[in-house]
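Residues take their numbers from the sequence shown, with the count starting at 1. FYI, side chains are in, hydrogens and waters are out, and symmetry mates aren't considered; it's all heavy atoms of this structure. Quick caveat, the model's predicted, so the values are computed rather than measured.
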Amino acid sequence: MALKRVLYYFKNETNTITEPMYPEMVNMCEAIIFRTLPPLSSLNEADDNEYTLDVPLPLPQLALQCLSKFLTHPTFDPKIGEKYIDKKFVMQLLQLFESTDPMERKILKVVLYGIIETFAGLRKFIFKEISHIFCRFIYETGHHSGIAELLDLIRSLIKDLEEPLRQDDRNFLLKVLMPLHTAESLGDYHPELVRCVARFLEKDEMVTEPVVMALLKYWPKSNIKKELMFLDALEDILPIIDQSVFIKVQTPVFKRLAKCASSLSQKVAERTLLFFDNEDVMILISDNARTIIPILLPVLKNSAQTHWKE
């Protein structure tokens with residue numbers, strides 16, 4: 001197969017990429033990789049409303065592998081590449097993250113990583129386009145297979161943001177990233193979302209208070225699985241909160257934890273109690289005992305005496 005020979009050529013770092021190869025690589029992508037994907041909602045209308053994976057597509061995956069090796073080859077010239085790897089090309093790649101084939105999304109992510117590292121001029125554009133994808137997912141479709149992979153790409157782009165964050169970047173965090181917590185499919189990408197939010201907090205501690213308040217605002221009311229994920233996120237955030245910021249959020253945070261500790265769900269109650277095994281959380285409680293203990297103590301005492309699960 002011709003594509004295998006191309007891949008073999010690019011894997012060999014002693015070979016040379018010549019200028020005529022650049023437009024040919026773009027033409028190959030347009031012919032093999034770029035295609036219209038079926039709407040995710042249409043893939044599960046057959047049996048029991050279950051999602052089905054795309055039929056494996058060896059040619060697109062092989063072509064993507066060729067593209068990945070092409071972009072990372074030692075003789076790849078970004079000055080020539082930028083003539084062909086443009087915004088239109090990147091947009092078409094981003095659209096493919098809707099594929100339900102996890103292997104294709106994995107290779108796509110590697111390709112986009114290569115573009116982000118190689119073409120600094122495309123980074124803001126990629127950030128903006130991923131933001132648009134998230135907004136459509138949150139406010140319009142509710143379906144997208146590649147949110148986890150796209151969050152990983154966003155996390156790699158955060159390092160280039162100014163410190164402290166510009167207002168546009170704060171708006172992205174609070175109006176795009178945080179609302180991702182509301183989606184029914186949160187479990188598909190929750191670890192990646194937590195890592196993304198944490199990277200923002202490391203970038204600018206001034207956004208910590210609104211992030212914590214947003215997490216409390218979106219707290220699930222009747223979904224135990226999501227509530228457990230929110231507790232995980234909160235425990236990850238608390239240790240990195242500056243003391244001056246923590247004082248502002250301690251009351252609503254520990255009122256929520258007190259409510260969770262007395263939850264009728266055994267899993268939620270037990271998960272909340274694990275907070276008190278966390279050394280960083282206990283330091284926060286100890287340093288702010290006058291405020292926190294009066295919130296926790298009555299609830300914990302009542303729960304110990306009356307909770308159905310003794």
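- Nearest heavy atoms, Leu165 versus Arg170: O-NE, 3.6 Å.
- A donor-acceptor pair is defined here as one N or O able to donate and one able to accept, closer than 3.5 Å; such a pair exists between the side chain of Arg123 and the backbone of Ile116.
- Residues Lys79 and Asp77 come closest through the heavy atom pair N-OD1, 2.9 Å.
- Proximity of Leu284 to Gln243: side-chain heavy atoms (C-beta onward) are separated by under 4.5 Å at one or more points.
- By the rule that hydrophobic residues join a cluster once side-chain heavy atoms approach within less than 4.5 Å of another member, Leu264 and Leu274 end up as members of separate clusters.
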TODO: Verify side-chain contact (heavy atoms from CB on, under 4.5 Å) between Lys259 and Trp219, making sure each step is shown before the conclusion.
DONE: CA-CA 12 Å; Lys259 189 172 183 178; Trp219 203 275; over 6 Å; no
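- The aromatic rings of Phe172 and Phe200 sit tilted, their planes meeting at an angle between 30° and 60°.
- Of the charged side-chain nitrogens involved, at least one lies within less than 4.0 Å of a carboxylate oxygen, so that Glu104 and Arg35 count as a salt-bridged pair.
- Between Thr18 and Thr75, every side-chain heavy-atom pair lies at or beyond the 4.5 Å cut-off.
- In this structure, Arg199 contributes its side chain and Arg155 its backbone to a donor-acceptor pair below 3.5 Å.
- Aromatic ring orientation, Phe89 versus Phe34: perpendicular (interplanar angle above 60°, classes split at 30° and 60°).
- Contact of the Val194 side chain with the Asp232 side chain is not registered, since no non-hydrogen atoms from C-beta on lie closer than 4.5 Å.
- With respect to the salt-bridge test (charged N to carboxylate O, under 4.0 angstrom), the residues Lys203 and Asp169 do not qualify.
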- [ ] Apply the test side-chain contact (heavy atoms from CB on, under 4.5 Å) to residues Ile85 and Ile115: give CA-CA distance (whole Å), side-chain angles for both, the deciding distance (0.1 Å), then the verdict.
- [x] CA-CA 8 Å; Ile85 310 296; Ile115 292 175; 4.0 Å; yes
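- At a threshold of 4.5 Å between non-hydrogen side-chain atoms, the residues Leu157 and Ile126 count as touching.
- Of the charged side-chain nitrogens involved, none lies within less than 4.0 Å of a carboxylate oxygen, so that Arg195 and Asp236 do not count as a salt-bridged pair.
- The backbone N or O of Thr182 lies less than 3.5 Å from a partner atom in the side chain of Lys226, making a donor-acceptor pair.
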- [ ] Under the side-chain contact (heavy atoms from CB on, under 4.5 Å) rule, what do Tyr8 and Cys66 come out as? Steps first, then yes or no, please.
- [x] CA-CA 9 Å; Tyr8 178 80; Cys66 289; over 6 Å; no
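- Counting only heavy atoms from C-beta outward, the side chains of Phe97 and Ile133 never approach each other to under 4.5 Å.
- The structure places OG of Ser145 at 10.5 Å from CG of Leu150, a figure rounded to the nearest 0.5 Å.
- With a 4.5 Å cut-off on side-chain heavy atoms, Asp204 and Glu163 do not count as touching.
- A continuous path of hydrophobic side-chain contacts links Leu67 to Val90 [ILVMFWY only; heavy atoms under 4.5 Å].
- Separation of atoms CG (Leu257) and OG (Ser263) is listed at 12.0 Å; rounding is to 0.5 Å.
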Open item on the list: Applying salt bridge (Lys or Arg N to Asp or Glu O under 4.0 Å) to Asp160 and Lys124, what does each step give before you reach the verdict?
Closed with: CA-CA 9 Å; Asp160 296 319; Lys124 286 186 178 179; over 6 Å; no
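- Between the side chains of His143 and Thr141, no donor-acceptor pair of N or O atoms lies under 3.5 Å.
- Within the 4.5 Å cutoff, no side-chain heavy atoms of Arg166 are placed close to those of Leu161.
- Leu215 and Ile247 are not part of a single hydrophobic cluster, where members link through side-chain heavy atoms under 4.5 Å apart.
- The two atoms that bring Gly81 and Phe76 nearest to each other are CA-CZ, 3.9 Å, heavy atoms only.
- Smallest separation of non-hydrogen atoms from Val26 and Tyr84: CG2-CB, 3.5 Å.
- The closest donor-acceptor contact from the side chain of Tyr22 to the backbone of Lys83 lies at 3.5 Å or more, if one exists at all.
- Atoms CD1 and CD1, from Ile154 and Ile147 in turn, are 10.5 Å apart once rounded to the nearest 0.5 Å.
- In the hydrophobic cluster analysis, where Ile, Leu, Val, Met, Phe, Trp and Tyr join through side-chain heavy atoms closer than 4.5 angstrom, Ile295 is grouped together with Met282.
- Neither Leu201 nor Ile283 shares a network with the other; the hydrophobic side chains, linked directly or stepwise wherever heavy atoms of I, L, V, M, F, W or Y lie under 4.5 Å apart, form separate groups for each.
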Open item on the list: Run Cys196 and Tyr189 through side-chain contact (heavy atoms from CB on, under 4.5 Å) and show every step you take.
Closed with: CA-CA 11 Å; Cys196 242; Tyr189 55 82; over 6 Å; no
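- In this structure, the side chain of Thr118 engages the main chain of Gly114 through a donor-acceptor pair within 3.5 Å.
- Using a cut-off of 4.0 Å between Lys/Arg side-chain N and Asp/Glu carboxylate O, Lys225 and Glu184 are scored as not salt-bridged.
- Counting heavy-atom neighbours within 6.0 Å of Glu279 CD, excluding the residue itself, gives a total of 12 or less.
- For the residue pair Glu227 / Asn223, no side-chain donor-acceptor distance below 3.5 Å is found, with atom types taken as modelled.
- Here the NE2 atom belonging to His132 is positioned 9.0 Å from the CE atom belonging to Met91, to the nearest 0.5 angstrom.
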- [ ] Applying salt bridge (Lys or Arg N to Asp or Glu O under 4.0 Å), run through Lys69 and Glu13 and close with a yes or a no.
- [x] CA-CA 10 Å; Lys69 293 298 180 183; Glu13 296 187 353; over 6 Å; no
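- When atom types are taken as modelled, the side chain of Thr72 and the backbone of Ser68 share a donor-acceptor pair closer than 3.5 angstrom.
- Leu186 has its side chain out of reach of Leu180: every pair of non-hydrogen atoms, C-beta onward, lies at least 4.5 Å apart.
- For residues 235-292, there are no ring pair (Phe, Tyr, Trp, His ring centres under 6.0 Å) pairs, not counting sequence neighbours.
- One N or O on the side chain of Asn15 and one on the backbone of Tyr9 form a donor-acceptor pair closer than 3.5 Å.
- The minimum heavy-atom distance between Glu82 and Phe119, with the atom names listed, is N-CE2, 3.6 Å.
- When only modelled atom types and interatomic distance are considered, Asp101 and Ser99 share no side-chain donor-acceptor pair under 3.5 Å.
- We find that Glu149 and Arg105 are joined by a salt bridge, their nearest charged nitrogen and carboxylate oxygen being less than 4.0 Å apart.
- Qualifying ring pair (Phe, Tyr, Trp, His ring centres under 6.0 Å) partners for His181, counting only residues two or more places apart in sequence or in other chains: Phe230.
- With respect to the salt-bridge test (charged N to carboxylate O, under 4.0 angstrom), the residues Asp86 and Lys88 do not qualify.
- Remark: Met103 CE to Gln61 CD distance equals 6.5 Å, nearest 0.5 Å.
- To the nearest 0.5 Å, atom CG of residue Leu62 and atom NZ of residue Lys4 are 7.0 Å apart.
- Counting all heavy atoms, side chain and backbone alike, Thr272 lies closest to Val268 at OG1-O, 2.7 Å.
- A salt bridge does not link Lys248 to Glu205: none of the charged nitrogens lies less than 4.0 Å from a carboxylate oxygen.
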